[in-house]
Amino acid sequence: MSNSNVGTGKGGDADSHIESGAPLPNFTTNIQLSTIAPAYGLHSTQQQPDYLDYDQKGRGVVSTMFTNSGISYLLGVTTGGVYGLQEGLRNTPSSRWKVKLNSVLNHCGRYGSQVGNMMGATAIFYSLYEGLADTYDLDQYTGPIQPPAPLFAGFMTGATYYMRAGPRVAALAGTIGVGAVGATFGLYSVLGMPYGSKGYLWF
């Protein structure tokens, strides 16, 4: 006795039995949170889902500071090390291999540490000042100047870093910091990129 569905792509009696089975339960309306809560170690009788809090301001000040300073230090050490390599090869006092190697190591260590420490320190200053501006909601007092936190952080970072050189040098360094932030913001606007999309300093 042959099956009429053989060779037609419709399947046999097993497929017909599956199709005619009981419908699947509706998991969107029949689940009681108070019933499944003990299975997950929860002892609550509330009927509504417990949503997680979302911080719209993003990462905290400490997390941002560690990220910015770490990336800046690595970039500074790499940049200073490359420059030190060139200077070591150029200013080596002898053509002997050991002398060249010693000269390169000395110059790489000197310039790499200097640039790395400078960039790491400025990143820490910038992160702290930006967090301070966000904490006190500086954007409420600046009107059309938005966002003010990176501009404030850029000025204060430059002024703080060169504060020991005098007020005029500090003011000039702060102005350069504001100019760097403003230029980056203008470039991003021209390119159609969201401001601060890289998640590093003001980029």
Side-chain angles (χ1 to χ4, degrees), residues 55 57-136 138 145 147-203:
D55 185 8
K57 292 186 177 182
R59 296 175 299 179
V61 177
V62 177
S63 176
T64 303
M65 180 185 66
F66 274 104
T67 302
N68 290 336
S69 61
I71 296 176
S72 299
Y73 184 79
L74 290 177
L75 290 176
V77 168
T78 304
T79 305
V82 172
Y83 180 77
L85 174 63
Q86 297 177 351
E87 290 295 313
L89 293 175
R90 183 183 308 168
N91 300 322
T92 181
S94 174
S95 60
R96 296 177 58 184
W97 165 249
K98 290 185 178 180
V99 178
K100 281 187 176 181
L101 179 60
N102 186 55
S103 177
V104 167
L105 292 177
N106 289 335
H107 284 80
C108 287
R110 181 190 309 168
Y111 291 105
S113 61
Q114 289 179 357
V115 179
N117 291 335
M118 179 190 68
M119 293 186 63
T122 54
I124 291 175
F125 284 141
Y126 179 87
S127 302
L128 292 177
Y129 283 126
E130 187 179 37
L132 181 65
D134 290 335
T135 301
Y136 289 97
L138 190 62
I145 303 177
L151 297 174
F152 171 77
F155 177 83
M156 292 302 299
T157 298
T160 304
Y161 193 83
Y162 287 97
M163 181 173 54
R164 296 176 59 184
R168 295 182 60 181
V169 177
L172 177 61
T175 304
I176 294 175
V178 172
V181 175
T184 305
F185 180 75
L187 179 62
Y188 276 32
S189 299
V190 172
L191 298 178
M193 299 173 59
Y195 182 77
S197 59
K198 304 301 180 181
Y200 168 63
L201 294 179
W202 61 87
F203 296 99

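Atom set for the values below is all heavy atoms of this structure, side chains included, hydrogens, waters and symmetry mates excluded. This one's a predicted model, so the numbers in the text were calculated from it and none came from an experiment. Position 1 is the first residue of the sequence; numbering continues from there.
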How close do [X] and [Y] get, heavy atom to heavy atom, and via which atoms?
X    : Y    : result
S69  : G120 : CB-O, 4.0 Å
Y162 : A173 : CD1-CB, 3.5 Å
D134 : A149 : OD1-CB, 3.4 Å
T157 : T122 : CG2-O, 3.5 Å
G88  : S103 : O-OG, 2.9 Å
Y73  : G116 : CD1-O, 3.2 Å

**Asked** So S72 and L201, side-chain contact (heavy atoms from CB on, under 4.5 Å) or not? Walk me through it.
**Response** CA-CA 9 Å; S72 299; L201 294 179; 4.1 Å; yes
**Message:** Quick check on F66: does its CZ atom have over 12 non-hydrogen neighbours (other residues, nucleotides or ligands) under 6.0 Å away?
**Reply:** no
**Message:** Test side-chain contact (heavy atoms from CB on, under 4.5 Å) on F125 and M156; report intermediate values, then the result.
**Reply:** CA-CA 8 Å; F125 284 141; M156 292 302 299; over 6 Å; no
Does a side-chain heavy-atom distance below 4.5 Å link [X] with [Y]?
X    : Y    : result
Y83  : C108 : no
V61  : L128 : yes
Y200 : T67  : no
M118 : Y161 : yes
F185 : P150 : no
P93  : V99  : yes

Approximate separation, where rounding is to 0.5 Å, of [X] [atom1] and [Y] [atom2]:
X    : Y    : atom1 : atom2 : answer
K100 : N102 : NZ    : CG    : 13.5 Å
F152 : Y136 : CZ    : OH    : 11.0 Å
M193 : T184 : CE    : OG1   : 10.5 Å
S63  : N68  : OG    : CG    : 9.0 Å
I71  : M119 : CD1   : CE    : 10.5 Å

**Request:** Starting from the C-alpha separation in whole Å, work towards a yes-or-no answer on side-chain contact (heavy atoms from CB on, under 4.5 Å) for R90 and H107.
**Result:** CA-CA 10 Å; R90 183 183 308 168; H107 284 80; over 6 Å; no
**Message:** With side chain to side chain donor-acceptor pair (under 3.5 Å) as the criterion, how do Y111 and T79 come out once you've worked through the C-alpha distance, each side chain's angles and the decisive distance to 0.1 Å?
**Reply:** CA-CA 9 Å; Y111 291 105; T79 305; over 6 Å; no
**Item:** Sidechain-backbone polar pair: N117 side chain, S113 backbone, donor-acceptor under 3.5 Å
**Value:** yes
**Request:** Tell me yes or no: between the side chains of T160 and Y129, is some donor less than 3.5 Å from an acceptor?
**Result:** yes
